[in-house]
Amino acid sequence: MAKAPRLRFAPSPTGYLHIGGARTALFNWLYARRHQGTFILRMEDTDQARSTPESVQTILDGLRWLGIDWDEGPGVGGDFGPYNQMARLGIYKEYAERLIAEGKAYRCYCTREELDARRAEYEKQKRQYKYEGTCRDRQDAPDRPAVIRFRMPDGEGQASFTDRVLGKITKEWSDLDDWVMLRADGIPLYNYGCVLDDHLMEITLVGRGQEHVNSTFPQLMLYRALGWEPPEFAHFPLILGPDREKLSKRKHPEADVMLHARNGILPEALNNFVVRLGWSHGDDEVITRAQMLEWFDFAQVGSTSGVWNPEKLLWVNQQYFKSMAPEALAALLVPFLREKGFTVPDGDPRPEKLVKALRERARTLSEMAETARYFFSSGVTLDEKAAAKHLTADSKPLLQRVRTLAGELAAWTPEPLEHIVKQVSEESSVGMGKVAQPVRVAVTGGTASPGIGETLELIGRDETLRRLDAAIGRIP
RNA sequence: GUCCCCGUCGUCUAGAGGCCCAGGACGCUGGCCUUUCAAGCCGGUAACACGGGUUCGAAUCCCGUCGGGGACACCA
């Protein structure tokens with residue numbers, strides 16, 4: 001039996017939790033959990049200009065909201081910590097010195113300006129700039145701060161690996177170059193910190209986005225130089241925006257996981273939607289967490305990038321609305337109702353009734369709350385077109401009759417209310433719609449709502465009678 | 001420009017040589033149901049990028065072309 005796998009998610013805390021990151025986390029988490037492995041969270045907080053503690057918190061909150069927990073990492077500790085790179089600077093320095101001593105890395109004294117100028121010059125000549133040709137063994141090096149560069153081995157060779165989703169990928173050494181491992185201030189760059197940490201944390205499988213396949217090669221060179229066995233790799237397809245470009249924080253607001261939470265998308269739905277972007281299990285669309293855990297594997301992860309499809313997310317969300325326990329959904333709806341400014345006391349029975357009436361009519365919690373507006377307001381604003389069509393001289397006697405019967409009603413519940421409409425339509429020998437629609441317009445202001453009984457119950461006796469009176473009053 | 005990856009309906013995808021004149025889902029759309037709107041049910045729309053091979057047979061394998069994306073920082 002193979003050793004239990006250890007997987008990690010290593011975000012850089014430079015903003016909110018990104019959708020692509022969330023899916024990467026989910027895939028890794030699913031795999032780790034499915035194989036009784038360990039899921040590790042590591043903060044790659046080495047970008048001093050952009051990393052913030054708030055962002056660390058946001059990412060942690062986002063993962064928790066999605067229901068992704070970690071066995072080692074911030075907040076929970078573990079035997080391979082610390083789990084944020086800025087606390088591991090000593091480690092990076094130690095191995096860098098070792099590599100220099102072995103001739104596998106060197107101090108590069110070139111300044112940024114010199115490098116920029118040289119790169120520009122080569123670009124003008126349409127030649128490929130090579131650091132190894134200009135930075136190594138510089139003899140004129142003044143005593144100034146230096147970065148530490150990895151030294152590509154001399155001679156011919158290939159770096160290759162077998163990706164768990166892409167298959168075998170190879171690159172010639174000649175297409176690689178010397179690269180910066182450590183900055184002059186001792187802070188590591190991605191390729192360096194990543195390799196050291198993955199090895200030291202005993203990561204067995206690195207699952208990350210396809211934007212990283214090229215960085216796998218320099219990393220492989222480093223594993224080789226250090227004499228370490230590289231982990232397995234799995235590169236996931238990218239998630240694209242409507243413009244077909246990689247979903248990015250700058251260009252695509254929908255890349256923010258918590259934006260969807262604020263819009264009233266359920267975490268289950270977002271997980272479901274996102275797991276289907278790049279992975280599938282036959283024709284299954286609505287997939288529970290338990291099923292994901294049972295079915296997920298990298299073998300079924302595709303290699304083609306996928307476009308973010310908001311319509312389908314909404315549809316998935318509604319599927320969860322319909323299958324969830326009403327009381328649970330109601331609890332989630334309350335904050336959205338209050339957000340709209342509606343008064344909802346604790347223990348209010350209305351949210352649950354609202355959920356039952358509206359979950360097939362709304363695709364987000366936010367939309368559901370908005371749809372519920374006429375249940376909470378005092379009086380209604382009539383849609384003029386609807387009023388002109390349904391609040392007429394013909395319907396006036398029907399409305400009056402409904403008003404009278406409703407006023408006498410003992411139990412204000414859907415069935416008897418529904419019965420009133422039926423009774424009035426029979427008495428007057430007209431279709432149900434001839435009665436229900438005017439009533440609907442009178443109490444909701446428009447022509448669309450849940451069943452008339454449910455609607456009237458939710459609006460309440462006093463408010464219903466008031467609105468009926470008001471509507472009758474405006475008909476000449 | 002160099003390198004890497006990818007290419008099935010508008011979108012997400014099934015498909016691992018014959019089960020496919022390509023299946024499911026979202027969307028769009030026709031109908032049914034119906035007191036409205038939804039939901040639900042039934043139906044429709046629409047794809048193997050192109051060209052060469054290999055094979056009795058290719059969406060599936062190979063090559064080329066074209067197309068898309070990604071990476072080329074003292075960001076990650």
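Naming convention: chains lettered A, B, ... in sequence-line order (proteins, then strands); numbering from 1 in each chain.
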| task | May I ask you to say what A/S449 touches in the nucleic acid, namely base, sugar-phosphate or nothing, with a heavy-atom cut-off under 4.0 Å? | result | base

| Hey, does A/D47 reach any base, or is it just sugar-phosphate, or nothing, if we go heavy atoms under 4.0 Å? | sugar-phosphate

| task | For A/C110, answer base if it contacts any base atom (sugar-phosphate contacts may also be present), sugar-phosphate if it contacts only those atoms, and nothing otherwise; contact means non-hydrogen atoms under 4.0 Å. | result | base

| message | For a quick test of reading the model, state the closest non-hydrogen atom pair linking A/V380 to A/A442 and the distance between them. | response | CG2-O, 3.6 Å

| Listed nucleotide nearest any side-chain atom of A/R50, set B/C3, B/G40, B/C75 | B/C75

| query | Would you call the rings of A/Y129 and A/Y131 parallel, tilted or perpendicular if under 30° counts as parallel and over 60° as perpendicular? | reply | perpendicular

| note | Between A/N272 and A/I287 the two heavy atoms that sit nearest each other are OD1-N, 2.8 Å

Where do N or O atoms of nucleotides 44-50 of chain B meet protein N or O atoms at under 3.5 Å, pair by pair?
none

| request: For A/K322, report the nucleic acid contact type (base, sugar-phosphate, nothing); a contact means any heavy atom under 4.0 Å. | output: sugar-phosphate

| task | State, with a plain yes or no, whether a side-chain heavy atom of A/I19 is found less than 4.5 Å away from one of A/L270. | result | yes

| request: Evaluate the ring planes of A/F296 and A/W279, with Trp represented by its six-membered ring, and classify them as parallel (under 30°), tilted (30 to 60°) or perpendicular (over 60°). | output: tilted

| query | With under 30° as parallel and over 60° as perpendicular, where do the rings of A/H260 and A/W308 fit, or are they tilted in between? | reply | tilted

| Under a 3.5 Å cut-off for both distances, is B/C37 Watson-Crick or wobble paired, and to whom? | none

| Please give, in whole Å, the distance from B/C74 C1' to A/Y192 OH? | 15 Å

| query | Heavy atoms under 4.0 Å, any strand shown: does A/T447 hit a base, just sugar-phosphate, or nothing? | reply | base

At a cut-off of 3.5 Å, list every protein nitrogen or oxygen paired with a nitrogen or oxygen from nucleotides 70-72 of chain B, distance to 0.1 Å.
| unit_1 | atom_1 | unit_2 | atom_2 | d |
| --- | --- | --- | --- | --- |
| B/G70 | OP1 | A/K246 | N | 3.2 |
| B/G70 | N2 | A/N214 | ND2 | 2.8 |
| B/A71 | OP1 | A/K246 | NZ | 3.1 |

| request: Would you indicate what A/T14 reaches in the nucleic acid, counting non-hydrogen atoms under 4.0 angstrom: base, sugar-phosphate, or nothing? | output: nothing

| query | With a non-hydrogen cut-off below 4.0 angstrom, is A/P450 in contact with a base, only sugar-phosphate, or nothing? | reply | base

| message | At a heavy-atom distance below 4.0 Å, what parts of residues 147-161 of chain A sit against RNA chain B? | response | A/V147, A/R149

